[in-house]
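Naming convention: chains lettered A, B, ... in sequence-line order (proteins, then strands); numbering from 1 in each chain.
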Amino acid sequence: MKKSFKNRVFEVVSKIPKGRTLNYKEVARLAGNEFAYRVVGNILNRNKDPKIPCHRVIRSDGKIGGFNRGVGEKAKLLQKEKIVLF
DNA sequence: CGTATGACGTGCA
DNA sequence: GTGCACGCCATAC
């Protein structure tokens with residue numbers, strides 16, 4: 001099974017510890033290509049798997065960014081996790 | 001197979 | 001400090 005970048009991103013994001021947020025660039029770097037940060041958001045957007053805490057992935061600006069189900073939901077999850085936007 | 005997209009990031013006005 | 005535009009990559013259709 002060849003792990004595509006998409007699969008890599010899923011694994012990395014699913015490995016994000018609770019209470020920790022990573023920006024798309026970091027996820028992309030851990031996935032193998034720090035220059036593919038756009039793909040990270042792209043993949044998560046087209047693949048809303050409930051097993052993936054994609055809400056822990058935020059922009060490097062410290063902003064929530066966006067969410068396929070609504071930014072409000074993502075903000076809610078972040079607050080629920082007591083995640084502090086670094 | 002080829003084209004267009006996208007939950008970004010950075011720079012500049 | 002805020003807003004706009006460009007550029008980068010992989011995925012989806």
Legend entry - Whole angstrom value for the distance that separates P of C:dA10 from CZ of A:R46: 16 Å
Inset, instruction - Measure from the side-chain heavy atoms of A:F5 and tell me the nearest of B:dA7, C:dT11, B:dG6. - result: C:dT11
Legend entry - Separation of C:dA10 C1' from A:R8 CZ (nearest whole Å): 13 Å
Legend entry - Of the listed nucleotides C:dA12, C:dC9, C:dA10, the one nearest the side chain of A:K6: C:dA12
Legend entry - Proximal nucleotide (of B:dT5, C:dT11, B:dG9) relative to the A:S4 side chain: C:dT11
Inset, instruction - Please answer whether the main-chain N or O of A:V57 pairs with a side-chain N or O of A:K74 as donor and acceptor at a distance below 3.5 Å. - result: yes
Legend entry - Closest nucleotide among C:dC9, B:dA7, B:dC8 to the A:Y37 side chain: B:dC8
Legend entry - From C:dC9, B:dT10, B:dC8, nucleotide with atom closest to A:V39 side chain: C:dC9
Inset, instruction - Would you tell me if any nitrogen or oxygen in the side chain of A:S60 comes within less than 4.0 Å of OP1 or OP2 on B:dT10? - result: yes
Legend entry - Carboxylate-amine/guanidinium contact A:K51 A:D49, below 4.0 Å: no
Legend entry - Below 4.0 Å: OP1/OP2 of C:dC8 and any side-chain N or O of A:K25: no
Inset, instruction - Identify whether any heavy atom of A:N33 sits under 4.0 Å from a base atom; if not, whether one sits that close to sugar-phosphate; answer base, sugar-phosphate or nothing. - result: sugar-phosphate
Legend entry - Atom of A:A31, atom of A:V9 and distance for their closest heavy-atom approach: CB-CG2, 3.8 Å
Inset, instruction - Take the protein atom CG of A:L44 and the nucleotide atom P of B:dG6, then report the distance between them rounded to whole Å. - result: 15 Å
Inset, instruction - Examine A:F5 and A:L44 and state if one hydrophobic cluster contains both, with Ile, Leu, Val, Met, Phe, Trp and Tyr joined whenever side-chain heavy atoms are less than 4.5 Å apart. - result: yes
Inset, instruction - Could you state the atom-to-atom distance from NZ of A:K3 to C1' of C:dA10 in whole Å? - result: 18 Å
Legend entry - Among B:dA7, B:dG9, C:dA10, the nucleotide that comes nearest once only the side chain of A:F67 is considered: B:dA7
Inset, instruction - Classify the nucleic acid contact of A:I43 as base, sugar-phosphate or nothing, counting any heavy atom under 4.0 Å across all strands shown. - result: sugar-phosphate
Inset, instruction - Identify whether A:V12 and A:V39 are in the same connected component of the hydrophobic contact network (ILVMFWY, side-chain heavy atoms under 4.5 Å). - result: yes
Legend entry - Length of the NZ-P vector between A:K48 and C:dA12, whole Å: 16 Å
Legend entry - A:N42 vs B:dG6: side-chain N/O to OP1/OP2 distance below 4.0 Å: no
Inset, instruction - Please tell me which of A:N47 and A:R38 maps to the more 5' nucleotide of DNA chain C, matching each residue to the nucleotide holding its nearest heavy atom. - result: A:R38
Legend entry - Between B:dG9 (P) and A:F35 (CZ): distance, integer Å: 13 Å
Inset, instruction - Under 4.0 Å between any heavy atoms, over every strand shown, what does A:R59 touch: base, sugar-phosphate, or nothing? Just pick one. - result: sugar-phosphate
Legend entry - Nearest heavy-atom neighbours spanning A:P53 and A:S14: CD-CA, 3.8 Å
Legend entry - Which nucleotide in C:dC9, B:dA7, B:dT10 has an atom nearest any side-chain atom of A:Y24: B:dA7
Legend entry - Whole angstrom value for the distance that separates C1' of B:dT5 from CG of A:N68: 14 Å
Inset, instruction - Find the distance A:F10:CZ to C:dA10:C1' and express it as a whole number of Å. - result: 13 Å
Inset, instruction - Give the nucleotide from the list B:dA7, B:dC8, C:dA10 with an atom nearest to the side chain of A:K74. - result: B:dA7
